Amino acid sequence: IEWAASQPWSDGQVGTFGASYLAWDQYFAAMLRPPHLQAMFALVGGAKFYDEYAYPGGIPRLGWPVWILKSAQTSPRAKDHPEQVAQMTDWLTKTPVPWLEQSPEQRAAIFRGFPDHQRMYADFLAHQTFGDYWEQKGFYTAGYYREMKDVPIFFLTGWYDYFADGVLENFNELSHLQHTMKRLLVGPWPHATGEDTCGDAYFGESAAVDQRALMADWFDHWMKHQSFKLVSSMPVRFFRMGGGDASRTAKGKLNDGGTWLTSLTWPPSGVHTSSFFLRANRRLEMTMPAAEVSSRFDYDPANPVPTVGGRYGLGAWSKSGAQNGTIDRPDVLAFDTRPLDESIEVTGRVTASLWVTSDAPTADFAAKLMDVFPDGYALTLADGATRVVFPQPKTPQRVKVQLGSIGNLFGKGHSIRLYVTSSSFPKLEPNRYPAHDEVLHDAAHPSSIDLPTRPVAPVYDEPKKMTLMVPMRDGVELATDI
């Protein structure tokens, strides 16, 4: 940054932009407080790498080993190892599942001759709990907010981005700690943002965003003192999915629909928690259970439940994002509401509060939230998992499975569905212990899916705006939209 500012072709103002790894790099750079950094545009860069990507819920996420594999395949050393690179390319082009089905130790063999990637993979396996390694600045933005330079930042993410909740946290925390403008945009997108489709769903033409134009508008304002043309006058702009007619587009996508909404804060005002309780008849109901028999299933590490949809993606071959998440297996418990009499808006972070037991020393519990259309199509919205330690087998424990944040309109006649199981492969490393697992849902052990609901928000045209530049000390100007 300082090098760029010192060049003869530079006016001394430097802005940074970039997605994913390059967004994390921007945060790290801001912690060094470079004098000439003027503004940032950060796409899909999270806050806590351990929780969001490496070990969500304490379970190894296999996307990180695949990322390391891709990095090795494209590294300078690749030319010296043609046979290994050919194998890497085959896995990355077709599917890495055969590699991921190997033991974690067996997988390491592919990195021989790639010392940097050997070390990265070994570090991943060696640091399975949160600690000093994952608290490094490059992995843990949330621990260093107070060190970051106070500059305007535009945050962008999507509901199906695995870093979505980290982006939301970054926006909230820096908005409170700093004084310069912060903006947040959340679309119906995966980690690759900006399109009008995600997975199997089409959200309408308005869902697409020209991110380069938006970025140019952001920097033109802060570095050329031009008025905003595209940036919202409201701090938060988010896409509420749902409301489509479920028809199929010419390209075969489900018309899920949706609309853009704005808010002064995240989450927006009016949100409260609505708990839907798991019942023995495989229903989700808002009334507490009484004396009910628990739901049981067997977990087999050799036959994990396949990952279908959600915040996931290992390549073009994987079914990520908005997908029909229906899975008919005895090791998947499904709980549904009755068809809704009225539409329900869910906006914010979703949590599954479960009472569970297992006869294994550790067991994983995975949950998935879906929007079930009248014809039975079940659109995956959010998913999460957590690893539970059982010092004494079959002793009930209450766990909270974090499914992440969503913005969705469950339409009239739709149903809300919750899946509970013990695996999601190849998104997550399967637990090595076979188990007889159990979900309790009685008066003493009420299990629920806790949804952030609010009255269905009306859609308004965005208010007209004027940007007022307020002079501050040291020649700094702050922009206030009125």
Side-chain angles (χ1 to χ4, degrees), residues 48 50-66 97 100-104 107 124-125 127-130 134 162 165 278 294-312 314 318 320 325 327 329-335 350-370 380 382-404 418-441 445 447-450:
K48 302 169 183 174
Y50 177 86
D51 292 328
E52 296 156 19
Y53 200 70
Y55 286 88
I59 305 171
R61 184 186 178 110
L62 296 176
W64 186 228
V66 172
V97 167
L100 297 174
E101 287 176 335
Q102 299 175 14
S103 71
R107 287 181 214 135
F124 170 66
L125 297 182
H127 299 90
Q128 298 193 21
T129 57
F130 185 72
W134 298 109
Y162 26 79
D165 282 279
L278 284 61
S294 61
S295 298
R296 302 176 175 87
F297 61 93
D298 294 333
Y299 165 66
D300 179 3
N303 185 28
V305 174
T307 306
V308 181
R311 292 189 180 95
Y312 159 69
L314 298 180
S318 59
S320 60
I327 300 175
R329 289 173 46 132
D331 55 353
V332 178
L333 307 177
F335 299 87
V350 176
T351 304
S353 302
L354 306 175
W355 281 96
V356 298
T357 71
S358 179
D359 63 357
T362 70
D364 300 343
F365 288 88
K368 182 190 292 186
L369 177 68
M370 287 170 281
T380 300
D383 62 308
T386 191
R387 180 157 291 174
V388 186
V389 177
F390 292 93
Q392 295 182 332
K394 290 297 181 182
T395 301
Q397 291 197 44
R398 187 170 187 253
V399 300
K400 287 188 176 290
V401 182
Q402 299 297 334
L403 279 70
L418 175 69
Y419 270 175
V420 180
T421 185
S422 280
S423 51
S424 180
F425 180 80
K427 177 181 178 179
L428 302 173
E429 185 88 65
N431 194 304
R432 60 177 172 157
Y433 296 109
H436 301 291
D437 293 334
E438 195 171 352
V439 179
L440 290 75
H441 36 73
H445 308 94
S447 293
S448 63
I449 180 73
D450 305 321

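What's counted below: heavy atoms across the whole structure, side chains too, no hydrogens, waters or symmetry copies. Predicted model only: the values in this text are computed from it and were never measured.
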Please evaluate residues Leu100 and Phe425 with respect to the criterion side chain to side chain contact (heavy atoms under 4.5 Å, CB included), reporting the C-alpha separation (whole Å), side-chain torsions for both, the decisive distance (0.1 Å), and the verdict.
CA-CA 9 Å; Leu100 297 174; Phe425 180 80; 4.0 Å; yes
Taking only residues two or more places apart in sequence, or in another chain, which ones meet [X] in a salt bridge (Lys or Arg N to Asp or Glu O under 4.0 Å)?
X      : value
Asp437 : none
Asp51  : none
Lys394 : Glu438

Those residues that, when tested against [X], pass side chain to side chain donor-acceptor pair (under 3.5 Å) (two or more places apart):
X      : result
Ser424 : Thr307
Asp450 : Ser275, Ser353, Ser448
Gln402 : Thr351
Arg398 : none

Nearest 0.5 angstrom please: Arg296 CZ to Ser358 OG, how far?
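So the CZ of Arg296 and the OG of Ser358 are separated by 12.5 Å.
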Drop me the distance from Trp355's CH2 to Ser294's OG, to the nearest 0.5 angstrom.
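With rounding to 0.5 Å, CH2 (Trp355) is 13.5 Å from OG (Ser294).
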Can you list everything that forms a side-chain contact (heavy atoms from CB on, under 4.5 Å) with [X]? Sequence neighbours excluded, please.
X      : value
Ala385 : Ile59, Ala366, Leu428
Pro330 : none
Glu429 : Pro60, Leu62, Pro104, Arg107

Establish, from distance only, whether the side-chain atoms of Thr362 and Asn431 form a donor-acceptor pair under 3.5 Å.
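Note: Thr362 and Asn431 side chains meet the donor-acceptor criterion.
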I'd like to know if the side chain of Lys368 reaches the main chain of Val308, judged simply by a donor and an acceptor atom lying under 3.5 Å from each other, with no hydrogens or angles considered.
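Such a contact is found between Lys368 side chain and Val308 backbone.
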Under a 3.5 Å distance rule, please check whether Tyr419 uses its side chain to pair with a backbone N or O of Val332 as donor and acceptor.
no
Looking at residues at least two apart in the chain, or sitting in another chain, which of them share a ring-ring contact (aromatic ring centres under 6.0 Å, His included) with His127?
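Residues passing ring-ring contact (aromatic ring centres under 6.0 Å, His included) with His127: Tyr133.
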Using ring-ring contact (aromatic ring centres under 6.0 Å, His included) as the criterion, list what pairs up with Phe130, not counting sequence neighbours.
Tyr50, Tyr140
Indicate yes or no: at least one non-hydrogen side-chain atom of Pro391 is less than 4.5 angstrom from one of Gln397.
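The answer is yes; the side chains approach within 4.5 Å.
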Give me the one residue out of Leu440, Val439, Val356 that meets side-chain contact (heavy atoms from CB on, under 4.5 Å) with His445.
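The residue from Leu440, Val439, Val356 that satisfies side-chain contact (heavy atoms from CB on, under 4.5 Å) with His445 turns out to be Leu440.
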